[in-house]
Each structure stands twice: as structure tokens, then as C-alpha cells.
Amino acid sequence: QQQVKQSPQSLIVQKGGISIINCAYENTAFDYFPWYQQFPGKGPALLIAIRPDVSEKKEGRFTISFNKSAKQFSLHIMDSQPGDSATYFCAASSRRDNLFFGTGTRLTVIP
Amino acid sequence: DGGITQSPKYLFRKEGQNVTLSCEQNLNHDAMYWYRQDPGQGLRLIYYSQIVNDFQKGDIAEGYSVSREKKESFPLTVTSAQKNPTAFYLCASSSRTNEKGNQPQHFGDGTRLSIL
């Protein structure tokens, strides 16, 4: 059973546009929600993370929105650039559990 | 530079052969993890270790073994019992969970294992 459900599977966005990736979870004990960026042949790199005491966290062009009641969180990439083309993974964990990853979203930003 | 080093980058296994993937970190992290990545399935946890000389099975431990004799090293052996070993293997490390909660995991650049 997939603990974290991620959508869409792939996404194509024009340069300068907004990329939005969504994730949903069921386990209300989850209290840590990171996003990772992965380029081909490389390991995932931590992009941004949020804990449920805030509803939004912004770092540069990347923003996490968190809706605790809906058990959903999303990544917004503002002013998307071709260099942002990569696979993005959401994940979730609790103090008792290790990280559970979504299945990934392949983002392509068209120049 | 602090980081996680995985070697080799590419590895080939013959039928009935055990192979060992290396993972070394100089981040002074207590916890280390092994994940398997297959297309369309995200990352799945194989084994993890919170402290030296102790480790636990993850979700897909069958056909794999690990050891944690040193804080810096967490090698993974893919045994002949693993019938479908072709995948991208990722090692990660993190500080131990503290009063703030779980800590970020940092990943190496992976080893791609293929069957000959």
C-alpha cells in the first residue's frame, strides 16, 4: 500500500510558468514532509521540507503548501526554468517511521 | 567536502553471485539507509541502521544483507537469493531523530546494478 500518493506522474511546463506537484497521505502521525529533486544518474537532493506547525514554507522559487486537514501537501515551482527539469519526489515520515516516498514526478520545462 | 560516497557507480552480477555495494559517509551521521529505486516505484527501504553494530530490515529486505561495523560505513550485499536485483541502489545518512523530529536524509549518487 502506497503510504504517500504523488501526482502527476509527468508534467510539462513552459519556461516562466508555475509547476505544481501534489502529494497526499493517510497516516496522521506523519510530521515531516520533505521534497527531493533528482537528476538522471544522481541521487536525490533535499530541496525543501516542512513540518505541520506551518501551512507554507518558501525558499527562493520553491514553495511547499501544507493542508493538514486534507492530509495533502504540494510543491510549487515559480518561474520554472529548463534547469529545473528533473524528477521530484515527495516523502513523509513520523518519529516512529522511516521516510515513505511518493512515486515521483518527471518535470520537463520547455524553453 | 562532506558527503556520501557510493561505489562502484556501475556493477554487473552473474547468476548465483553475491555482490557488495559500498557506502561511506563523512558527515558524522549516526543513521544510515539503503534504498532501491525502480522506474515508476519511487524509493523503497531495504535496510537501515540507527547506530553502529545495529540494523533493522526495511520493507524489501529479502535477498539482501548489511553490516555496520563502523559509523562511517554501511555496505550492502545483494545475495543470489535476490531474484530481481537489477535496480539503482541509493545509500543515505542522517542525524538521529531529536526533539524537533526526524532529520533530513542526504543521499549518495547511487550504484546501478545489472545482471549479466
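Labels below follow one simple rule: chain letters A, B, ... track the order of the sequence lines, proteins then strands, and each chain is numbered from 1. This is a predicted model, so every value here is computed, not measured. The figures here come from the full heavy-atom set of this structure, side chains too, leaving out hydrogens, waters and symmetry mates.
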message = Is the distance from the ring center of B:Tyr33 to that of B:Phe74 below 6.0 Å?
response =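 Between B:Phe74 and B:Tyr33, which both carry aromatic rings, the centre distance is not below 6.0 Å.
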query = Ring centres of A:Phe89 and A:Tyr36 under 6.0 Å apart?
reply =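 So the answer is no for these two rings.
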Identify which part of [X] has an atom lying under 4.5 Å from any heavy atom of chain A, answering side chain, backbone, both or neither.
X       : answer
B:Asp59 : side chain
B:Leu43 : both
B:Gln50 : side chain

inquiry  = Apply side-chain hydrogen bond (donor to acceptor under 3.5 Å, both in side chains) to residues B:Thr77 and B:Thr20 and explain how you reach the verdict.
reply    = CA-CA 4 Å; B:Thr77 297; B:Thr20 298; 3.0 Å; yes
Side chains of [X] and [Y], donor plus acceptor under 3.5 Å:
X       : Y       : result
B:Gln37 : A:Gln38 : yes
B:Asn84 : B:Thr86 : no
B:Lys71 : B:Asn28 : yes
B:Tyr47 : B:Tyr35 : no

Under a 4.5 Å heavy-atom cutoff, which of [options] has the most pairs with chain B?
options                            : result
A:Leu46, A:Asp31, A:Thr87, A:Asn98 : A:Asn98
A:Gln6, A:Arg95, A:Lys42           : A:Arg95
A:Ala49, A:Ser93, A:Ala45          : A:Ser93

Side chain, backbone, both or neither: which part of [X] has a non-hydrogen atom closer than 4.5 Å to chain B?
X       : result
A:Pro44 : both
A:Arg51 : side chain
A:Ser94 : backbone

